[in-house]
Amino acid sequence: MTIKVRVIAPDKIVWDANAEEVILPSSTGQLGILTGHIPLLTALDIGVMRVRINKEWKPIILLGGFAEVDNNNVTILVNGAEEISSLNIDNVKKDLDKATNMLEQAKSNKEKIEATQELRKSKARLQAANVINN
């Protein structure tokens with residue numbers, strides 16, 4: 001049996017397919033979803049959602065939102081998402097270093113918040129790159 005997974009961003013449907021398993025970056029930690037999961041509503045953090053299809057894992061970077069699980073359907077409403085097919089790990093590490101430097105140099109509260117968000121996105125991209133390259 002499979003789970004119907006839909007990822008919906010404000011401007012488009014990012015993902016709409018069946019999967020064997022889903023791992024979500026919930027605000028309280030990683031959350032695994034299999035067929036027959038009890039109904040659930042959870043907040044999502046910036047992080048990597050992993051979807052298993054035909055025994056292969058596909059990472060999708062989620063930029064925060066909510067997920068609802070009900071009757072073998074997972075509906076995910078996100079602020080944004082990045083579907084990843086390939087990532088150059090060296091470029092991802094450079095972006096992570098850049099984001100870390102941005103945070104260290106941030107002075108105003110606004111700059112700190114924006115830099116923190118960029119750092120979290122960069123960490124999620126590194127995590128996705130590790131899923132792809134393993």
Side-chain angles (χ1 to χ4, degrees):
M1 232 176 135
T2 59
I3 307 164
K4 178 72 172 174
V5 181
R6 293 188 77 196
V7 178
I8 304 167
D11 58 341
K12 65 181 177 178
I13 295 175
V14 177
W15 181 268
D16 188 2
N18 290 325
E20 299 156 359
E21 182 178 359
V22 179
I23 299 177
L24 298 171
S26 83
S27 58
T28 57
Q30 298 291 307
L31 179 63
I33 308 293
L34 295 168
T35 57
H37 198 285
I38 62 169
L40 171 75
L41 182 62
T42 186
L44 300 176
D45 206 356
I46 293 174
V48 178
M49 174 180 89
R50 292 178 304 225
V51 181
R52 186 167 56 99
I53 300 173
N54 298 325
K55 299 182 182 177
E56 287 190 30
W57 289 99
K58 174 152 181 61
I60 300 172
I61 297 171
L62 303 181
L63 305 178
F66 294 91
E68 178 185 35
V69 179
D70 190 29
N71 204 19
N72 292 325
N73 289 300
V74 180
T75 304
I76 301 163
L77 304 175
V78 292
N79 300 325
E82 298 175 13
E83 194 173 344
I84 305 296
S85 57
S86 66
L87 283 173
N88 180 309
I89 198 132
D90 292 329
N91 290 342
V92 171
K93 287 180 179 178
K94 286 178 189 173
D95 290 343
L96 181 60
D97 289 340
K98 184 178 172 183
T100 302
N101 289 335
M102 254 177 66
L103 182 57
E104 289 171 356
Q105 295 174 7
K107 291 180 177 41
S108 70
N109 282 343
K110 181 182 178 195
E111 288 174 342
K112 289 176 184 175
I113 290 169
E114 290 172 354
T116 300
Q117 292 294 86
E118 280 306 311
L119 182 61
R120 293 173 73 201
K121 289 177 190 177
S122 294
K123 286 180 178 179
R125 288 184 190 108
L126 181 61
Q127 184 183 2
N130 288 328
V131 169
I132 291 170
N133 296 317
N134 286 334

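Just so you know, these numbers use all the heavy atoms, side chains as well, and skip hydrogens, waters and symmetry mates. Keep in mind the model is a prediction, meaning the values are calculated, not measured. Nothing fancy with the numbering, it's 1 onward along the sequence.
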A.B. asks: Who pairs with K110 by side-chain contact (heavy atoms from CB on, under 4.5 Å), at least two apart in sequence or on another chain?
C.D. replies: S108, E114

A.B. asks: Rounded to the nearest 0.5 Å, how far does NZ of K98 lie from CE of M102?
C.D. replies: 8.0 Å

A.B. asks: Mind listing the closest non-hydrogen atom pair of N79 and G65 along with its distance?
C.D. replies: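 So the two residues come closest at ND2-N, 4.4 Å.
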
A.B. asks: Should V48 and L63 be counted in the same cluster of Ile, Leu, Val, Met, Phe, Trp and Tyr side chains packed under 4.5 Å apart?
C.D. replies: yes

A.B. asks: Which one of V69, N72, D70 satisfies the side-chain contact (heavy atoms from CB on, under 4.5 Å) criterion with H37?
C.D. replies: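 Filter result, single survivor: V69.
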
A.B. asks: Tell me whether I33 shares a hydrophobic cluster with I61, the cluster being built from Ile, Leu, Val, Met, Phe, Trp, Tyr side chains joined at under 4.5 Å.
C.D. replies: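 Different clusters.
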
A.B. asks: What verdict does the side chain to side chain contact (heavy atoms under 4.5 Å, CB included) test give for L31 and L40, after you've listed the backbone C-alpha separation in whole Å, the side-chain angles of each residue and the deciding distance to 0.1 Å?
C.D. replies: CA-CA 11 Å; L31 179 63; L40 171 75; 3.3 Å; yes

A.B. asks: In the single-linkage hydrophobic clustering (I, L, V, M, F, W, Y; side-chain heavy atoms under 4.5 Å), do M49 and W57 co-cluster?
C.D. replies: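 Different clusters: M49 never reaches W57 through Ile, Leu, Val, Met, Phe, Trp or Tyr contacts under 4.5 Å.
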
A.B. asks: Provide the closest heavy-atom pair for E68 versus L41 in the form atom of the first, atom of the second, distance.
C.D. replies: CB-CD1, 4.0 Å

A.B. asks: For the hydrophobic clusters of this structure (ILVMFWY residues joined by side-chain heavy atoms under 4.5 Å, transitively), does one cluster hold both V5 and I53?
C.D. replies: yes

A.B. asks: Which heavy atom of T35 sits nearest to which heavy atom of M1, and what is that distance?
C.D. replies: CG2-O, 3.3 Å

A.B. asks: Search all heavy atoms of K112 against all heavy atoms of K107 and return the closest pair with its distance.
C.D. replies: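 Shortest heavy-atom contact: CE-O, 3.6 Å.
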
A.B. asks: Examine I76 and I3 and state if one hydrophobic cluster contains both, with Ile, Leu, Val, Met, Phe, Trp and Tyr joined whenever side-chain heavy atoms are less than 4.5 Å apart.
C.D. replies: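 Yes, I76 and I3 fall within the same hydrophobic cluster.
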
A.B. asks: If you compare all heavy atoms of G47 against all heavy atoms of A124, which two are closest, and at what distance to 0.1 Å?
C.D. replies: CA-CB, 3.9 Å

A.B. asks: Kindly list each side-chain donor-acceptor pair under 3.5 angstrom involving residues 10-26, sequence neighbours excluded, with atom names and distances?
C.D. replies:
unit_1: D16; atom_1: OD1; unit_2: K4; atom_2: NZ; d: 2.8
unit_1: E20; atom_1: OE1; unit_2: R52; atom_2: NH1; d: 3.0
unit_1: E20; atom_1: OE1; unit_2: K55; atom_2: N; d: 3.2
unit_1: E20; atom_1: OE2; unit_2: N54; atom_2: N; d: 3.0
unit_1: E21; atom_1: OE1; unit_2: R52; atom_2: NE; d: 3.1
unit_1: E21; atom_1: OE1; unit_2: R52; atom_2: NH2; d: 3.2
unit_1: S26; atom_1: OG; unit_2: T28; atom_2: N; d: 3.2
unit_1: S26; atom_1: OG; unit_2: T28; atom_2: OG1; d: 3.2
unit_1: S26; atom_1: OG; unit_2: G29; atom_2: N; d: 3.3
unit_1: S26; atom_1: OG; unit_2: G29; atom_2: O; d: 2.6

